[in-house]
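Computed from heavy atoms alone, side chains included, the values below leave out hydrogens, waters and symmetry copies. In what follows, chains are A, B, ... by sequence order, proteins preceding strands, each numbered from 1. All values reported here derive from a predicted model rather than from experimental measurement.
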Amino acid sequence: MGRIAGILNRLEGLYPEAATTLAHKDAFELLVAVMLSAQTTDESVNRVTPALFRDFPTVEAFCDAPLAEIEKRIRSIGLYRNKARHIKETARILSTRFGGNVPADQKDLESLPGVGRKTANVVLSVWFKEHRIAVDTHVARVAKRLRLADWEDSALIVEKRLMAAFPEESWSTLHHRMIHFGRYRCTARRPECDACILKEFCRYPDIRP
DNA sequence: ATCCCGAGGG
DNA sequence: CCCTCTGGAT
């Protein structure tokens with residue numbers, strides 16, 4: 001089995017499910033949850049979103065919500081001032097320009113404040129079922145350690161390299177599996193390389209500090 | 001390149 | 001204490 005197929009095979013065996021762990025009931029809740037997840041764990045996001053969506057159940061509710069009331073409910077997340085402002089403004093734009101719906105287009109999504117390429121890719125992948133590889137801190141780290149990208153590569157370059165290396169049908173599931181793998185196994189600080197299922201494909205044990 | 005920013009782990 | 005967490009805007 002080749003290197004690419006080997007990596008796919010091992011990750012699939014480890015994480016058969018390959019779905020997002022961000023709680024959401026519709027496209028707007030998913031978008032908000034992903035916006036909140038910047039520099040935070042999904043667990044922390046899922047801790048605040050139930051009350052947030054209970055008190056502000058619709059796009060219109062977020063438009064009418066006082067900024068301070070949104071901030072209060074997401075404070076434990078961190079970066080809460082920017083996130084609250086971006087979410088409220090995004091709700092206003094969705095209401096006025098997109099008929100209250102989350103657009104299914106990459107450029108439209110990235111035109112929303114607080115929504116960049118990574119967030120747009122997650123929404124397009126998880127909700128609209130497009131083949132995407134959202135490159136976050138975990139995906140980038142794992143890709144670089146596996147020699148699928150260079151250390152100095154930007155997130156966009158990493159995304160392009162992964163898309164070139166892996167078959168399109170695998171992109172979305174690969175994304176989730178690399179995230180989970182990076183979060184719990186190939187950790188930033190102290191990865192357990194000795195027990196790693198991808199050891200034979202990896203350069204990191206040889207060059208780690 | 002810097003700032004935003006609280007929570008959790010080591 | 002220091003580092004990291006599903007980034008994006010300036």
- Note on the structure: Taken to the nearest whole Å, NZ/Lys118(A) to P/dG7(C) is 5 Å
- Query: Once you round it to whole Å, what is the distance between C1' of dG8(C) and CG of Leu112(A)?
  - Reply: 13 Å
- Measure distances between side-chain N and O atoms of Thr41(A) and base N and O atoms of dT6(C), and say whether any donor-acceptor pair falls under 3.5 Å. no
- Query: Does the side chain of His138(A) get closer than 4.0 angstrom to OP1 or OP2 of dC5(C) through an N or O atom?
  - Reply: yes
- Message: Base, sugar-phosphate or nothing for Arg141(A)? Non-hydrogen atoms, less than 4.0 Å.
- Response: sugar-phosphate
- With a non-hydrogen cut-off below 4.0 angstrom, is Val139(A) in contact with a base, only sugar-phosphate, or nothing? nothing
- Query: For the residue pair Phe62(A) and Phe56(A), does the interplanar ring angle fall in the parallel (under 30°), tilted (30 to 60°) or perpendicular (over 60°) class?
  - Reply: tilted
- Query: In whole Å, what separates the C1' atom of dC4(B) from that of dC5(C)?
  - Reply: 14 Å
- Task: For Leu31(A) and dG8(C), give me the distance from atom CG to atom P, rounded to whole Å.
- Result: 11 Å
- Message: Using a 6.0 Å distance limit plus a 45 degree cone around the ring axis, check whether Arg3(A) lies over the aromatic ring of Phe201(A).
- Response: no
- To the nearest 0.5 Å, how far apart are NZ in Lys118(A) and OG in Ser37(A)? 4.0 Å
- Task: May I ask you to decide if Ala38(A)'s main-chain N or O and Lys83(A)'s side chain share a donor-acceptor pair within less than 3.5 Å?
- Result: yes
- Starting at the 5' end of DNA chain B and moving along, which residue's nearest nucleotide shows up first, Arg47(A) or Gly78(A)? Gly78(A)
- Query: What does Arg81(A) touch in the nucleic acid at a heavy-atom separation under 4.0 angstrom: a base, only the sugar-phosphate, or nothing?
  - Reply: sugar-phosphate
- Message: Side-chain N or O of Arg183(A) versus OP1/OP2 of dT6(C): is the shortest distance under 4.0 Å?
- Response: yes
- Message: Which nucleotide wins on minimum distance to the side chain of Ala188(A), given the candidates dG7(C), dT4(C), dG6(B)?
- Response: dT4(C)
- Counting any heavy atom closer than 4.0 Å, what does Leu36(A) reach on the DNA or RNA strands: base, sugar-phosphate only, or nothing? nothing
- Sorted by position of nearest nucleotide on DNA chain C, 5' first, the leading residue of Asp136(A) and Glu110(A) is Asp136(A)
- Between dT6(C) and dG10(B) - P atom distance, rounded Å: 14 Å
- Take atom C1' in dT4(C) and the same atom in dC5(B), then report the distance between them in whole Å. 13 Å
- Task: Send over the distance from Arg189(A) CZ to dC5(C) P, rounded to a whole Å.
- Result: 9 Å
- Task: Please state how far atom CE in Met35(A) lies from atom P in dC4(B), giving the value in whole angstrom units.
- Result: 19 Å
- Identified salt bridge (charged side-chain N to carboxylate O under 4.0 Å, His left out) counterpart of Asp150(A) within the set Arg161(A), Arg145(A), Lys144(A): Arg161(A)
- Using the closest heavy atom to pick a nucleotide of DNA chain C for each, name whichever of Thr187(A) or His86(A) lands nearer the 5' end. Thr187(A)
- Item | Length of the line joining Glu89(A):CD and dA9(C):P, which is rounded to integer Å | 12 Å
- Message: If the cut-off is 4.0 Å, is Thr119(A) near the phosphate of dG8(C), judged by side-chain N/O to OP1 or OP2?
- Response: yes
- Can you tell me if Thr40(A) uses its side chain to pair, donor with acceptor, with the backbone of Ile77(A) under 3.5 Å? yes
- Query: Once you round it to whole Å, what is the distance between C1' of dC4(B) and CD1 of Ile77(A)?
  - Reply: 14 Å
- Would you indicate what Thr40(A) reaches in the nucleic acid, counting non-hydrogen atoms under 4.0 angstrom: base, sugar-phosphate, or nothing? base
- Item | Side-chain N or O of Ser76(A) closer than 4.0 Å to phosphate OP1/OP2 of dA7(B) | no
- Item | Nearest-angstrom distance from the residue atom CD1 of Ile87(A) to P of dG8(C) | 13 Å
